[in-house]
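Predicted model, so just to flag it, every value in this text is computed and none were measured.
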Amino acid sequence: QVQLVESGGGLVQAGGSLRLSCAASERTSGRTFSSYAMGWFRQAPGKERTFVASISWRGASTSYAESVKGRFTISRDNAKNTVYLQMNSLKPEDTAVYYCAAATTRYSGTNRNEYNYWGQGTQVTVSS
């Protein structure tokens, strides 16, 4: 079992930047963080949770939602058991709770069902 804890959310003006972090701790299976593909999702009030970005187990492969391409960057530091989401040029429509997720595969995609573990989320609010 993996525990995921997000941090770095907050209130920012449109055009600003935030960096989200997700720290992972492996509880029971003995698997290392580097064996999991990781993803970020977000959920705005009254809307479904949607895919933002994903990164493969070694970080060589990344994928982004069209709405964030060119503005957001996902990365990971396996030595620190942490995945990041750098968010630049933020827009009011980026306002949401952002969730970190782990998949027990080396590569993961856009479907929520591919992910086995979820964090509690961190709020990002972008003011206009």
Cluster check V52, V126: I/L/V/M/F/W/Y, side chain < 4.5 angstrom | yes
Treat each ILVMFWY residue as a node, draw an edge where side-chain heavy atoms are under 4.5 Å apart, and state whether Y64 and L20 are in one component.
-> yes
Working to the nearest 0.5 Å, report the span between CD of Q123 and CD of Q43.
-> 11.0 Å
Heavy-atom side-chain contact between S127 and Q13 under 4.5 Å = yes
Say whether, by atom type as modelled, one donor and one acceptor occur between the side chain of E6 and the main chain of C100 under 3.5 angstrom.
-> yes
For S54, enumerate each residue passing the side-chain hydrogen bond (donor to acceptor under 3.5 Å, both in side chains) test, keeping only those at least two apart in sequence or located in another chain.
-> none
Cluster question for you: counting only ILVMFWY and a side-chain heavy-atom cut-off of under 4.5 Å, with indirect links fine, are F41 and L85 together?
-> no
Shortest non-hydrogen contact between T95 and A44, atoms and distance = O-CB, 3.8 Å
Report the distance from atom CG of L90 to atom CZ of R71, rounding to the nearest 0.5 Å.
-> 6.5 Å
Is NZ or CZ of R49 both nearer than 6.0 Å to the six-membered ring centre of Y99 and within 45° of the ring axis?
-> yes
Using 30° and 60° as the class limits, which term best fits the ring planes of F72 and Y98: parallel, tilted or perpendicular?
-> tilted
Atom CE of M38 and atom OG1 of T82: how far apart are they, to the nearest 0.5 Å?
-> 9.0 Å
So how far is it from F51 CZ to W40 CH2, rounded to the nearest 0.5 Å?
-> 13.0 Å
Rounded to the nearest 0.5 angstrom, the CE-OG1 distance for M87 and T73 is 11.0 Å
Once you round to the nearest 0.5 Å, how far does OH of Y107 lie from CH2 of W57?
-> 7.0 Å
Over all heavy atoms of both residues, which pair between A24 and V2 is shortest? Give the atoms and the distance, please.
-> CB-CG1, 4.2 Å
If you take all heavy atoms of Y117 and T104, which pair is closest and at what distance?
-> CE1-CG2, 4.0 Å
Compare every heavy atom of A101 with every heavy atom of Y115, then report the nearest pair and how far apart it is.
-> CD2-CB, 3.6 Å
Across all chains, not counting sequence neighbours, the side-chain hydrogen bond (donor to acceptor under 3.5 Å, both in side chains) partners of E93 are none
Shortest non-hydrogen pair, G16 vs V12, comes out as CA-CG2, 3.9 Å
So, is the end of the R76 side chain (NZ or CZ) under 6.0 Å from the ring centre of F33 and within 45° of the ring's axis?
-> yes
Can you name the closest pair of heavy atoms from A102 and Y36 and give their distance?
-> CB-CD2, 4.2 Å
Any side-chain heavy atom of V68 sitting closer than 4.5 Å to one from R42?
-> yes
E114 vs T105 side-chain heavy atoms within contact, under 4.5 Å | no
